[in-house]
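Scroll down for the structure; my scribbles are underneath it.
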Amino acid sequence: MSPAAGKEGARRRRRRRAAAPGAMAESNADWMGSLPAALRTCPLSNLAIPGSHDSFSYWVDEKSPVGPDQATAIKRLAKISLVKKIMKKWSVTQNLTFKEQLEGGIRYFDLRVSSKPGEIGHEIYFIHGLFGIKVWDGLMEINTFLDQHPKEVVFLDFNHFYAMDDGHHFFLINRIRSAFGSKLCSVECVEYVTLQYMWEKQHQVLIFYHYPLCQEFPFLWPGNKMPAPWANTTNVHKLIQFLETTLEERSRYGTFHVSQAILTPRVKTIARHLIRGLKNTLVHRNLPMILNWVKAQKPGVMGVNIITSDFVELVDFAATVIALNDLLLEEDESTSKS
């Protein structure tokens, strides 16, 4: 393929992906399998990959107890039914199910899990203030998508655990193994893990597990291989400065990297805007500026890797991140010319 043809192909892909702002285009369901051959041998740590923050929070159960991730004062207040309705407005950070996110191109999932206090057995649920669906149901939904899209690869990052002893962890790890089986990619040198590598081994799932038991299972990548620095701010300018700084400090080799392009409400933020909720208070008005930051990025050894957002369907987030990979092609072409 000539350099000119390659550039024109990259432009066409960018136009096609960005054709429907504010929607999650189903054409992104096979975006990894559709990448040009030159990018299939690029380490996944150097590609631009869209992810979602608190990926499972599209449904939380107002009728369940408040989660163990909440302070005692909140648990007491939550005995008032209105409090749980308000909590829901601030706990939900996504509108789309796992299947819908996957179809729209999301490939990294931020997962927080917990046992349910007082429940017999070891069942594990997703958690963000309130309990979500059973982890098993989410894993099954993801696996069904992977069966239908054999060239797509997902990153499942189990980074917060609540009310879980080793028995709960063994139960969850067995669930993960039962759900994905041979699709699980064992721990390997990060730079070896390319799409081509995954396809040859028929792997589709990388599990990151931020708990010491990960050392006992070859398919559990330690949490330090997936650093995700958190800005913890309500100010979009401070967020962007933080994202820039942490990218500059990113390890050149040996890890993936998550840029959390999210704003976090403080207690006073919630108190001032109780009924409006997260989406209407922080997300809607700041997403355009965050998306502009994303558009200005470049993947690669010292560039962006995984970028996460709240409410991934509100702007053309996934398509914008995916399109950044075309910059790697243009870099290849300019190198070959010189």
Side-chain angles (χ1 to χ4, degrees), residues 14 17-18 21-25 28 31 44-58 90-96 101-102 104-112 128 154-157 159-160 208 226-251 255-266 269 277-300 302-327:
R14 276 201 289 267
R17 288 177 188 140
M24 293 284 280
N28 289 330
W31 73 265
L44 291 177
S45 56
N46 291 354
L47 292 181
I49 296 166
S52 56
H53 170 240
D54 284 322
S55 311
F56 50 86
S57 65
Y58 53 85
W90 293 91
S91 293
V92 170
T93 67
Q94 303 298 334
N95 288 326
L96 303 182
Q101 291 181 48
L102 285 159
I106 299 299
R107 294 293 176 268
Y108 166 92
F109 296 90
D110 165 34
L111 307 174
R112 297 144 199 246
H128 191 221
V154 297
F155 301 76
L156 305 186
D157 190 3
N159 50 54
H160 286 72
F208 296 83
M226 186 61 80
W230 175 42
N232 192 16
T233 181
T234 58
N235 184 301
V236 70
H237 301 287
K238 287 182 180 176
L239 168 66
I240 287 168
Q241 184 180 15
F242 178 86
L243 292 170
E244 294 285 353
T245 302
T246 50
L247 266 182
E248 287 167 12
E249 295 168 353
R250 176 188 172 182
S251 296
T255 71
F256 298 91
H257 182 85
V258 182
S259 297
Q260 295 198 69
I262 59 163
L263 294 167
T264 305
R266 305 208 184 287
T269 315
L278 178 70
K279 182 163 64 174
N280 294 324
T281 304
L282 284 181
V283 179
H284 261 309
R285 64 190 170 92
N286 290 306
L287 261 183
M289 189 177 289
I290 291 170
L291 195 69
N292 283 338
W293 177 82
V294 173
K295 288 175 181 174
Q297 299 314 299
K298 186 176 181 181
M302 291 302 288
V304 291
N305 178 204
I306 294 160
I307 308 177
T308 59
S309 175
D310 290 323
F311 300 104
V312 291
E313 82 291 347
L314 292 184
V315 291
D316 207 16
F317 171 72
T320 302
V321 176
I322 295 164
L324 296 177
N325 291 303
D326 292 335
L327 299 173

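For the single chain, residues carry numbers from 1 onward in sequence order.
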Could I get the full list of side-chain contact (heavy atoms from CB on, under 4.5 Å) partners for S251, not counting sequence neighbours?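 Partners of S251 by the side-chain contact (heavy atoms from CB on, under 4.5 Å) criterion, ordered by chain and then number, come out as T255.
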
N159: which residues meet the side-chain contact (heavy atoms from CB on, under 4.5 Å) condition with it, sequence neighbours left out?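 Only Y108, D110, R112, D157, H210 meet the side-chain contact (heavy atoms from CB on, under 4.5 Å) criterion with N159.
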
Taking the side chain as everything from C-beta on, heavy atoms only, tell me whether [X] gets closer than 4.5 Å to [Y].
| X | Y | value |
| --- | --- | --- |
| L278 | V92 | no |
| I307 | F317 | yes |
| N232 | F242 | no |
| Q297 | L243 | no |

Is there a donor-acceptor pair under 3.5 Å between the side chain of [X] and the backbone N or O of [Y]?
| X | Y | answer |
| --- | --- | --- |
| N305 | L44 | yes |
| N325 | A48 | yes |
| R107 | G51 | no |
| H53 | T308 | no |
| S259 | A261 | no |

According to salt bridge (Lys or Arg N to Asp or Glu O under 4.0 Å), who are the partners of K238, at least two apart in sequence or on a separate chain?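 For K238, no residue satisfies salt bridge (Lys or Arg N to Asp or Glu O under 4.0 Å) once neighbours in sequence are set aside.
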
CG of L47 to CZ of F256: how many Å apart, nearest 0.5 Å?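 Answer rounded to 0.5 Å: 10.0 Å.
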
So, taking the atom named CG in L239 and the one named CE in M289, what distance separates them when rounded to the nearest 0.5 Å?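 CE of M289 is found 10.5 Å from CG of L239.
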
Show your reasoning for whether side chain to side chain donor-acceptor pair (under 3.5 Å) applies to Q94 and S52. CA-CA 8 Å; Q94 303 298 334; S52 56; 4.6 Å; no

